Asks: 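Provided herewith is a single structure, encoded as structure tokens, for subsequent inquiry.
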Amino acid sequence: VEVPFDSSCRPPTRVSPDVPPMAAADIGFVTLVAGNPEEPFGMWPVCEPTAWVSDDGRSWTTTDDKLGEGAYVYNIAWRDGRFVAVGGTGIGEPAVWSSPDGEQWDPFSGFETGSGVDLYTVRAGGAGWAILGQETETSRPVGWVSADATCWARLPVGVDGDDAAVTETQIMLVQSVTFPETWVTDVAAGQGC
């Protein structure tokens, strides 16, 4: 599914997983759904998202808080009382948002990428956080890691991944080079912080 041409949200398009980004936390569940009723359900990324929250996964309420005009989100994660969402506000204009409750979202000032990067993935676990994306012009993978989601360190050139898994003790990056070749890197959170 592609973003309609006349939409004010113009992110790089990806294939729709038919499920909006969702995170589970000790307070319940949070999902981000397009705030524009004309956008098809399951659009990925979610354009101009509205947060929906639930304490049991069955009854959901929404908030009027939006992430901003033209904002789009690919992924959200939760750890230690903080939700983090990644996406952007235009092609090559990355953005990261943070929320303590999944309802009120603010741009995250502690994360710097510069322009020319598209952010697709955020993962969290006991060992910390990982945010992954690609350079807009070259599609070269880039990434950042953090122990606490306040101080972020960019991964060195050549250490990158398409996806990440964060366990209690490790941040693993997975990179598919060519089928069937895949490699895994173990990185430490908070490098350089």
Side-chain angles (χ1 to χ4, degrees), residues 1-3 5 7 9-21 23 32 43-49 67-68 70-79 83-98 107-125 127-167 169-193:
V1 175
E2 293 190 5
V3 176
F5 181 74
S7 174
C9 176
R10 299 190 198 288
T13 58
R14 301 281 277 226
V15 176
S16 171
D18 297 324
V19 176
L32 298 173
M43 174 66 72
W44 195 59
V46 175
C47 291
E48 297 183 359
L67 278 61
Y72 58 91
V73 171
Y74 280 101
N75 201 237
I76 62 175
W78 176 87
R79 175 179 177 248
F83 290 94
V84 172
V86 297
T89 56
I91 295 173
E93 294 298 326
V96 177
W97 297 268
S98 179
F108 193 66
S109 60
F111 186 86
E112 297 292 329
T113 65
S115 61
V117 173
D118 299 310
L119 301 176
Y120 298 119
T121 304
V122 57
R123 301 283 187 253
W129 295 78
I131 291 180
L132 302 175
Q134 293 179 347
E135 291 181 346
T136 306
E137 294 294 319
T138 65
S139 296
R140 184 180 74 76
V142 292
W144 293 261
V145 292
S146 175
D148 57 9
T150 59
C151 176
W152 292 87
R154 188 166 181 157
L155 294 171
V157 173
V159 178
D160 49 43
D162 294 322
D163 204 351
V166 183
T167 69
T169 58
Q170 296 175 300
I171 298 176
M172 305 294 291
L173 303 176
V174 178
Q175 177 72 33
S176 296
V177 182
T178 58
F179 181 79
E181 183 180 350
T182 300
W183 62 269
V184 176
T185 303
D186 182 5
V187 297
Q191 299 171 343
C193 293

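Since the model is a prediction, treat every value here as computed from it, not as a measurement.
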Asks: From Y120 OH over to D163 CG, what is the distance, rounded to the nearest 0.5 angstrom?
Replies: 13.5 Å

Asks: Please check this pair: side chain of N75 against backbone of V122, looking for a donor-acceptor N/O pair closer than 3.5 Å.
Replies: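 Present.
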
Asks: Any side-chain heavy atom of W144 within less than 4.5 Å of one from V117?
Replies: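 W144 vs V117: side chains touch.
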
Asks: Taking the side chain as C-beta and beyond, is there a heavy-atom pair between L173 and L155 under 4.5 Å?
Replies: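 With C-beta onward as the side chain, the pair touches.
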
Asks: How long is the gap from CZ on R123 to CG on L132, to the nearest 0.5 Å?
Replies: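 The CZ atom of R123 sits 8.0 Å away from the CG atom of L132.
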
Asks: Of all the heavy-atom pairs spanning A85 and I76, show the shortest one and how long it is.
Replies: CB-CG2, 3.3 Å

Asks: Among T89, V86, L119, which residue satisfies the side chain to side chain contact (heavy atoms under 4.5 Å, CB included) criterion with P94?
Replies: L119

Asks: Quick check: closest heavy atoms across V166 and G128, and the distance to 0.1 Å?
Replies: CG1-O, 3.3 Å

Asks: Using the test side chain to side chain donor-acceptor pair (under 3.5 Å), find all partners of R79 that sit at least two apart in sequence or belong to another chain.
Replies: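 For R79 there are no side chain to side chain donor-acceptor pair (under 3.5 Å) partners, ignoring immediate neighbours.
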
Asks: How would you list, by chain and number, every residue that makes a side chain to side chain donor-acceptor pair (under 3.5 Å) with T136, sequence neighbours excluded?
Replies: D118

Asks: Would you name the heavy atoms of W97 and G87 that are closest together and state the gap between them?
Replies: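 Of all heavy-atom pairs spanning W97 and G87, the closest is CZ3-N, 3.9 Å.
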
Asks: Start with the C-alpha gap between V84 and F108, add the side-chain angles, then the distance that decides, and say whether side chain to side chain contact (heavy atoms under 4.5 Å, CB included) holds.
Replies: CA-CA 8 Å; V84 172; F108 193 66; 5.8 Å; no

Asks: On a heavy-atom basis, which atom in S146 and which in C151 lie closest, and how many Å separate them?
Replies: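 Taking S146 first and C151 second, the nearest heavy atoms are OG-O, 2.8 Å.
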
Asks: Determine the minimum heavy-atom distance between P49 and A71, stating which atoms define it.
Replies: CD-O, 3.7 Å

Asks: Under the side chain to side chain donor-acceptor pair (under 3.5 Å) test, which residues partner T138, sequence neighbours left out?
Replies: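 In terms of side chain to side chain donor-acceptor pair (under 3.5 Å), with neighbours along the sequence ignored, T138 is linked to E135.
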
